[in-house]
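One is the number of the first residue; the rest follow in order along the sequence. For ligands, and for the atoms within them, numbers begin at 1 and follow the listed sequence. Just the heavy atoms: all of them, side chains too, but no hydrogens, waters or symmetry mates, feed the values below.
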Amino acid sequence: MEYSIIIPAYNEEEGLEKTFKRVFGANPGAEIILVDDGSKDKTWSIMQRLAKNKKTIALRHENNKGKANALKTGYDKAKNEILATIDSDCTYPPEEIPKLVKKIEEGYDMAVGSRFTKGFPKGYSWKRAIANILGAFFTSIILMHKVTDVTTGLRAFNKKVTKLPSKAKNLDYEAELTARVIRDKLKYVEVAIKTEQRFGMSKLHFFKSCWTFFIAVLRGRFA
Ligand SMILES: Nc1nc2c(ncn2[C@@H]2O[C@H](COP(=O)(O)OP(=O)(O)O)[C@@H](O)[C@H]2O)c(=O)[nH]1
Ligand SMILES: [Mg+2]
């Protein structure tokens, strides 16, 4: 089945092209939607160049609206029933997208690439490792369902999932989505993936993010 891959980016001039090339190579036939979220670096001009083939489109927000809004801009343009999302910083393996898509074809509503079931990636900070272990632990209790990676950016899902209500604007969107999918008893599955070190600087503010992710899980579960 055909599917659409959304690649949101905010100031990702260092990793974007490499991410795109791997996504393109590993997913022949897929529609690729690049969304620039008001970047101030060369992201938009790189996107315009990458969108010259007929399977790829580039969209742009004039101002930074957050990752959740960038993904939603992509959803609106996607022409397939199955969608996948991947970050533009070269951390996630695009070669795993077909595996996630296959799960949706088999009847799952959302398949996520879990980064931590095979141990933590090389160079991963201990602070983040602990936050992710605790985050997955508490999320699993709150949702009464085992989740090993709450915030992963590598996902595939069907259109139904894009219509779920959410208030998250930025990186907390994924956590809210996981909670919402499980709370609504949609079919959720994890696939173990291996990640790599990022190109360019992380946009995540550690302590603020831990808090917003936690609130997002509670909102997804109870709001
Ligand atoms: N569209 C959009 N994407 C963002 C924004 N902030 C971060 N991202 C993207 O979200 C992904 C994850 O952010 P990142 O900084 O890598 O966080 P980390 O993986 O937790 O270190 C990356 O692909 C970023 O480009 C934003 O404001 N808007
Ligand atoms: Mg990243």
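The protein heavy-atom contact nearest to atom 3 (N) of ligand 1 is Lys67 CB, 3.6 Å. Annotation: atom 12 (C) of ligand 1 to nearest protein heavy atom, Asp87 OD2, 3.3 Å. For atom 15 (O) of ligand 1, the nearest non-hydrogen atom of the protein is Lys203 N, 2.5 Å.
No option in Asp76, Thr73, Leu34 other than Thr73 meets the side-chain contact (heavy atoms from CB on, under 4.5 Å) test with Leu59.
Arg60 and Thr43 share no side-chain donor-acceptor pair at under 3.5 Å. In summary, the side chains of Tyr108 and Asn158 do not present any donor paired with an acceptor at a separation below 3.5 Å, with no hydrogens or angles considered. Side-chain contact of Arg115 with Thr148: a donor-acceptor pair under 3.5 Å is absent, judged by distance alone. Ser4 and Asn80 share a side-chain donor-acceptor pair at under 3.5 Å.
Within the listing of ligand 1, atoms 7 (C), 8 (N), 10 (O), 12 (C), 13 (O) sit less than 4.0 angstrom from a heavy atom of Leu171. Close approach to Arg198 involves these atoms of ligand 1, each under 4.0 Å from a residue heavy atom: 14 (P), 15 (O), 16 (O). For ligand 1 and Ser88, the ligand atoms under 4.0 Å from any heavy atom of the residue are 23 (O), 25 (O). Near Ser202, meaning under 4.0 Å from any of its heavy atoms, are these atoms of ligand 1: 15 (O), 17 (O), 18 (P), 21 (O). Atom numbering of ligand 1 starts at 1 in the shown order; those under 4.0 Å from a heavy atom of Asp37 are 1 (N), 2 (C), 26 (C), 27 (O), 28 (N). Contact atoms of ligand 1 toward Arg128: 18 (P), 20 (O), 21 (O) (distance under 4.0 Å to a heavy atom of the residue). Distances below 4.0 Å separate heavy atoms of Asn64 from the following atoms of ligand 1: 26 (C), 27 (O), 28 (N). Remark: ligand 1 atoms within the under-4.0 Å shell around heavy atoms of Glu12 are 22 (C), 23 (O), 24 (C), 25 (O).
Side chains of Ile5 and Asn27 form a contact here, defined as non-hydrogen atoms less than 4.5 Å apart.
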- Message: With side chain to side chain contact (heavy atoms under 4.5 Å, CB included) as the criterion, how do Val181 and Arg183 come out once you've worked through the C-alpha distance, each side chain's angles and the decisive distance to 0.1 Å?
- Response: CA-CA 6 Å; Val181 161; Arg183 167 241 185 114; over 6 Å; no

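Contacts between Asn11 and ligand 1 below 4.0 angstrom, taking non-hydrogen atoms only, are absent altogether. Contacts of Ala70 with ligand 1, taken as heavy-atom pairs under 4.0 Å, involve the side chain alone.
Using the six-membered ring where Trp is involved, Trp211 and Phe214 have ring planes that are tilted, between 30° and 60° apart.
Distances from the Mg ion (ligand 2) show that Asp87 has no N/O/S atom below 2.8 Å.
Annotation: cation-pi pair Lys67/Tyr173 absent, no NZ/CZ under 6.0 Å from the ring centroid and within 45° of its normal.
When Asn69, Asp89, Ile7, Thr19 are checked for heavy-atom proximity to atom 16 (O) of ligand 1, Asp89 turns out nearest. Nearest to atom 4 (C) of ligand 1 by heavy atom, out of Tyr173, Phe199, Tyr10, is Tyr10.
Within 6.0 Å of the NZ atom in Lys203, the count of heavy atoms belonging to other residues, nucleotides or ligands exceeds 12.
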